[in-house]
Amino acid sequence: MTPLQILVTLGGLALCIFIAWFFWLAPKGQTRAADGAGGAQEVAITVKGGYTPDVIVVKAGQPLRLLFTREESASCSERVLFPDFNQSALLPEGQEVTLEFTPTEPGEYGFQCQMGMLRGKLIVE
Amino acid sequence: MIIKDPVCGMEIDPTTAFTTREHMRQTFYFCSASCAEQFDADPHKYAMSGSATTGFNLSLPLSSIEIPILGLKKASQVSALQNALGAVAGVRTAAVNAASGIALVEYDPQVVTLPALIAAVKSAGGRVGGAQTRIGVENLRCASCVQFIENELKATPGVLNASVNVGTQEATVDYLPEKTALASLNTAIETWGYQTRPAASQEPVDQQQAAHEKEYRRLMNRFWFAALVSLPVLVTAYPQFIPIVRDWSMEMLRLAWAGAALLTLPVLFWSGSDFFSGAWAALKHRSANMNTLIALGTGAAWIYSTFAILFPGIFPAGTSEPFYDVVAVVIALVVLGQALELRAKGRTSEAIKKLMGLQAKTARVIRDGQEMDIPVEEVLVGDVIQMHPGEKVPVDGILVEGSSAVDESMLTGESLPISKKPGDEVIGATLNKTGAFRFRATKVGKDTALAQIVKMVQDAQNSKAPIARMADTVSGYFVPVVMILAVLTFVAWFDFGPQPQLVYALVTAVTVLIIACPCALGLATPMSLMVGIGKGAENGILIRSGEALQTAQAIQTVVLDKTGTITKGKPELTDIIIVSSRSKVESSRPSTFDLQPETVLRLAASVEKVSEHPLAQAIVEGAQARGLELEGVQHFEAIPGLGVSATVAGRRVLIGNLKLMDRENIPLGGLVEQSKSLADDGKTPMFVALDSQAAGIVAVADTVKEDSAEAIAALQKMGIEVVMITGDNRRTAEAIARKVGITRVLAEVLPEDKAHNVQLLQAEGKKVGMVGDGINDAPALVQADVGLAIGTGTDVAIEASDITLIKGSLKSVVTAIEVSRATMNNIKQNLIGAFFYNTLGVPVAMGILFPFFGVLLSPLLAGAAMAFSSVTVVGNANRLRSFRPKFSAR
């Protein structure tokens, strides 16, 4: 092996480890739901190539109001699903869509677009 | 009369005013041209202002409005609301009625507008009811006009809130239908010089379709651009194959490559901009998806190529050739794939569109004694609606005047029109056939049966089937794994590949990135569910979730409740036997006595007409169905546990069981045997005696539905064991079971033990589907792996059931299982296809075949494969649309 090959090999392995760390192991930022009107907790979520914020911490047993605004036309993200709560909503471009339900059991629940390309996580405490 | 100039406040005589303006159906008078000009600049400001000092303008009357408040429960809320409303400047009184859910507010419209009141309600934690509409606004460009239009709309009486979106060119207005006519909203927008048009549509599905159409055009534009650029770029990429180009000198080629580099830039950043912005957005969330793969693959190809032509010296000999063709062609193909996928996706929601298309668009309501046509969205609960023959019923309600026959086949599958008289329920979206009638609306908007069906189907279409869980888990790890594989591929080729190593390493790594298709995996389940559940709905089968659908295909045993499921659930007259000559109901053989079956039936029915027993009702209906005139009854007496007696036309009639005949010492002779054989057939015989002499037997039974036997045979043919469950005695139960071809009968089961019996069947290791009526059988439906509730058309919200059969027929059970089997097969095909595609495609792209056959996958082919794999998945899901149930729906 030439020195260049050894360098490329080591660099490649380092890159693999970085990819694994970056996507799976590194801790993600969390957003806590704020208290909104009528005793519900409220979070506004922007949909553009992903959900911002995508990790949301909410309290169990308190009504949750999620305000989605989709700012892209790609049809992938036109629906948001909360499979564990049997909730879904169509998100027309540029329109704020409200999804309301009450999470009762603490735990981690995923939410996603119809085909699972965009994902987020709801952490119920 | 003296009037105030709204601008300067000067008091002027209208007859001598300098000029006038019409605004919001009100005339304003001005003292001078400059005042009028100021007014023209912002009429709203002046039209709305009251007295600057008091807030009240006493020259105008107060307005009062009823604001519907939703979800009012606690008394504390009521007072909080009342205080919040009362505190708004310009409100004279505010009274909140919790029972009716209405806040009655008297206010000065010059000082306070409705949106301010609504804001007050919201700040106190209340939610406001009302209707919402969207209006398209043509050529809306400037952001400041948005403000004007919004204010104008908010000032229109009855408008609760209004917002205008420049992006969609639409205004969304919340309003109280009692106060606002839709036309006045249009007028409000038009006063600002804008043309209104119908919004994309009220229906979310149509709206979605319009959005898809727009997105399709956007994608196709990007595709055509990339495709056009691809042609010259391909020429420069394979100069050796093109006649003139092959003779070009190296300098000439290098120049052409530089041109290709520039040409492909807009392809990357315009045609492929979604990939890059999507990849960046995903990266910010520490996630990766298809966009990441395409962006990395094409981006790496472009950067390498550009380096290669800029600094040919730093690359080993033979490696300084660019491959811009990969950039242009792959982006063109993937964008085309997305466009085709979108087209195919649109067709998956056809079933919902059909359902929504059933909704009537307008209704003719009678308000203040006047008939008027209004959009169906504006119909209120309590409105009286006039119907003529041939019209669609707009909303659900109760018939109050007139009568007609209504075709409900679109919702219940019942092919015969149902006759309706005052007090009967009419369902929205059904078709009035024969008569004119008026009905009072009881359910409107999203509460109607149709809206609930649509909602339930949509929710189910977007739920998850357990089978998708695995695909979901896989796709969560998929993209980073592919990235790692691409890096490893690069390293392997760089270290061990043939010369030129760098080119091989880069091409294979890019091919791996491009061929991997997480989309196909992600699309596999949702697309098939969408079509399959829609197909069920078309056939009158409402499947609550993907999970229910997946379990239904695995049903091994179907438990059928007898009453109301296999049978009609209502007794009917089946036999009339007269003494010493047995005859079926229809025959009228003369007998030795002067006794005819009709005579016995007529007398029996006359007596039973007075009785309230359900079996008596069956005899009366049987007699009426045969056109017999019933007679007056005297001395009626009900003998508890035995029967009844009465005098009809001078004859003493006794109807009852064996005990009654014994007590009255009436010899029965051969009738006893005959009654036993009737009982063996599952019928309930009743002896009839005339003047203390046995006359005959009338028998009633809960008859089997016409199509039950056929449906049960079909289930058995599908390899499903059919079990009947009933509270009836074993003899009756087995008689019915024989008739419909069921061998396994669970008889004499108390209603509360049904669930336990289902559990016993499950303990045999079987997946059990329970079919029942949803009310009495609810615990058994819940216990079963799949609960199928037989509904009666409108009660779709049967909580206990996983599947609701809105037609009363058992054939729906067959269709439900067929639909679920077809859908699950389709999902499996999709998943297996997607898995195979990726597990074969990625290793081939890595070059696993190279050591053996010397073949490598071209990145161009990889791009084509990737683009069309997801189209194939959606296309396969669309094949389900041609599913035809064994028993046709209509």
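Below, read A as the first sequence line, B as the second, and so on, with proteins coming before strands; counting in each chain starts at 1.
- For A/Leu4, the parts sitting under 4.5 Å from any heavy atom of chain B are the backbone and the side chain alike.
- With a 4.5 angstrom heavy-atom cutoff, B/Lys284 does not touch chain A via any of its atoms.
- The nearest pair of heavy atoms linking B/Gln501 to B/Asp495 is NE2-O, 3.9 Å.
- Of the options A/Asp84, A/Val80, A/Leu99, a side-chain contact (heavy atoms from CB on, under 4.5 Å) to A/Phe111 is made by A/Val80 and by none of the others.
- Judged by distance alone, the side chain of A/Gln41 and the main-chain N or O of A/Gln62 form a donor-acceptor pair under 3.5 Å.
- Closest approach of B/Met483 and A/Phe23 over heavy atoms only: CE-CE1, 3.6 Å.
- A/Ser73 and B/Arg218 form a side-chain donor-acceptor contact under 3.5 Å, judged by distance and modelled atom types alone.
- Among B/Ala281, B/Pro480, B/Gly278, the residue with the largest count of heavy-atom pairs under 4.5 Å with chain A is B/Pro480.
- Using a 4.5 Å cut-off between heavy atoms, B/Leu342 contacts chain A through its side chain alone, with no backbone atom that close.
- Chain A forms more heavy-atom pairs under 4.5 Å with one residue of B/Tyr477, B/Phe478, B/Phe490 than with any other, namely B/Tyr477.
- In terms of heavy-atom proximity, B/Asp459 sits nearest to A/Ser88 at OD1-OG, 4.3 Å.
- Heavy atoms closer than 4.5 Å to chain B are found nowhere in A/Thr2, neither backbone nor side chain.
- If you tally non-hydrogen atom pairs under 4.5 Å between each of A/Leu15, A/Leu118, A/Leu13, A/Thr52 and chain B, the highest count goes to A/Thr52.
- Within the 4.5 angstrom heavy-atom criterion, atoms from both the backbone and the side chain of B/Leu283 approach chain A.
- Only the backbone of A/Tyr51 comes within less than 4.5 Å of a heavy atom of chain B; no side-chain atom from C-beta onward does.
- The candidate with the highest count of non-hydrogen atom pairs below 4.5 Å against chain A, out of B/Ala288, B/Pro518, B/Ala486, is B/Ala288.
- For B/Pro526, the part lying near chain A is the side chain, with the backbone staying farther off; criterion is any non-hydrogen pair under 4.5 Å.
- Side chains of B/Ser870 and B/Glu341: a donor-acceptor N/O pair is present below 3.5 angstrom, by distance only.
- Residues A/Val97 and A/Leu90 are not in side-chain contact: their nearest non-hydrogen atoms beyond the backbone lie 4.5 Å or more apart.
- Top candidate by heavy-atom pairs under 4.5 Å with chain B, chosen from A/Gly120, A/Ala20, A/Pro53, A/Ala74, is A/Ala74.
- Contact annotation for A/Gln112: only side-chain heavy atoms (C-beta onward) come within less than 4.5 Å of a heavy atom of chain B.
- For B/Val479, no part lies near chain A; criterion is any non-hydrogen pair under 4.5 Å.
- B/His212 touches chain A through its side chain: at least one heavy atom from C-beta onward sits under 4.5 Å away, while N, CA, C and O do not.
- Heavy atoms from other residues, nucleotides or ligands lying under 6.0 Å from CH2 of A/Trp21 number more than 12.
- For the pair B/Phe275 and B/Val335, the minimum side-chain heavy-atom distance is below 4.5 Å.
- Both the backbone and the side chain of A/Gln114 come within contact range of chain B, each with at least one heavy atom under 4.5 Å from a heavy atom of that chain.
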